[in-house]
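So the structure is just underneath, and the comments pick up after that.
We count ligands from 1, going down the list as the structure has it; atoms in each ligand are counted the same way.
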Amino acid sequence: MDCIFCMIKDGKIPSAKVYEDEEILAFKDVNPQAPVHILVIPKEHIRSVDCINSDNSKIVAKIFEVIPKIAKLCDLTNGYRVISNCGEDACQSVKHLHFHILGGTKMADKMA
Ligand code: 5GP
Ligand code: ZN
C-alpha cells in the first residue's frame, strides 16, 4: 500500500521513534510546527477519524491512554495540544489516522 505511515511502521522509511508497542507507534514529525511535535499512529491502517467505527475504535481508546505517557516522556509538563486533521477541509495530507501532539511552548488560543 502506498502509505507513508505504513512504510514508517514497517521500517521502510526511517523515523525518530518516541514510543512503540504492538499496536501503536509514535515518532517525531519531520516538519515540526512546535518545539515538540509528535505523531501517534495505530499500526493498523485506518484512513482518518471519519473511518473510526465500533470495529476499530478500541485502538483509539488505547492511543488516548498512551498519549499522556508520551507527553511525560517528552517533558510536556505544562500542557499540550492533540489534533487530528480529517479530510480535505482540515488539510489532512497523510491518509493514515494520526494524532499530532504539539507542545513545548504557549500556543495560540485560536485553533483555526
Ligand atoms: P496531516 O497534515 O495529515 O495532519 O499531518 C501529516 C504530518 O505528517 C505532517 O505534519 C508532516 O510533516 C508529517 N510527515 C509527512 N511525511 C512524513 C515522514 O516521512 N516522516 C515524518 N516523521 N513525518 C512526516
Ligand atoms: Zn497506512
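Listed by chain and residue number, the protein N/O/S atoms under 2.8 Å of the Zn ion (ligand 2) are C3 SG, C6 SG, H45 ND1, H96 ND1, with waters left out.
Between F27 and ligand 1, no N or O atom pair is found at a separation short of 3.5 Å. Ligand 1 has no N or O atom lying under 3.5 Å from any N or O atom of S15, backbone or side chain.
Listed by atom number, the atoms of ligand 1 under 4.0 Å from L39 heavy atoms are 8 (O), 13 (C), 23 (N). Using a 4.0 Å cut-off to heavy atoms of Q92, the atoms of ligand 1 that qualify are 3 (O). Within ligand 1, counting atoms from 1 as listed, the ones closer than 4.0 Å to a heavy atom of H98 are 1 (P), 3 (O), 4 (O), 5 (O), 6 (C). Residue contact check: N31 has heavy atoms under 4.0 Å from atoms 12 (O) of ligand 1.
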| message | Working note: Y19 + F27, criterion ring-ring contact (aromatic ring centres under 6.0 Å, His included); need CA distance, chi angles, decisive distance, verdict. | response | CA-CA 7 Å; Y19 176 88; F27 50 93; over 10 Å; no
Q) So I41 and I63, side chain to side chain contact (heavy atoms under 4.5 Å, CB included) or not? Walk me through it. A) CA-CA 8 Å; I41 68 165; I63 284 172; over 6 Å; no
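The residues E20 and K43 are annotated as salt-bridged, a charged nitrogen and a carboxylate oxygen being separated by less than 4.0 angstrom. A salt bridge does not link E65 with K62: every distance from a Lys NZ or Arg NE/NH1/NH2 to an Asp or Glu carboxylate oxygen is 4.0 Å or more.
At a heavy-atom cutoff of 4.0 Å, ligand 1 is contacted by the side chain of I4 but not by its backbone. Counting heavy atoms under 4.0 Å from ligand 1, residue K28 touches it through the backbone alone. If you look at F5 next to ligand 1, the close heavy atoms, those under 4.0 Å, all belong to the side chain. The parts of S93 lying near ligand 1 are both backbone and side chain, judged by heavy-atom distances below 4.0 Å.
Taking atom 20 (N) of ligand 1 as the reference point, the nearest protein heavy-atom neighbour is I8 CD1, 3.6 Å. Scanning the protein for heavy atoms near atom 15 (C) of ligand 1, the closest one is V94 CG2, 4.1 Å. For atom 7 (C) of ligand 1, the nearest non-hydrogen atom of the protein is D29 OD2, 3.4 Å.
Across all their heavy atoms, S84 and L97 have their closest contact at OG-CD1, 4.0 Å. The shortest heavy-atom contact between N56 and N53 is OD1-N, 2.8 Å. Of all non-hydrogen atoms in R81 and D109, the two that sit nearest each other are NH2-CA, 4.5 Å. H96 and P42 make their closest contact through NE2-O, 2.8 Å (heavy atoms, listed as atom of the first residue, atom of the second, distance). Listed here is the closest heavy atom pair of L102 and A34: CD2-CB, 3.9 Å.
At least one heavy atom of H100 lies less than 4.0 angstrom from ligand 1. Residue contact check for ligand 1: C91 places a non-hydrogen atom closer than 4.0 Å to it.
Side chain of D10 to backbone of K12: no donor-acceptor contact under 3.5 angstrom is found. Judged by distance alone, with hydrogens and angles left aside, the side-chain atoms of S48 form no donor-acceptor pair with the main-chain N or O of G87 at under 3.5 Å.
Looking at I13, L97, V30 and measuring to atom 17 (C) of ligand 1, the nearest heavy atom belongs to V30.
Relative orientation of the H37 and H100 rings is tilted, given thresholds of 30° and 60° on the angle between their planes.
Residues I38 and D29 are not in side-chain contact: their nearest non-hydrogen atoms beyond the backbone lie 4.5 Å or more apart. The side-chain heavy atoms of N85 and H98, taken from C-beta on, include no pair separated by under 4.5 Å.
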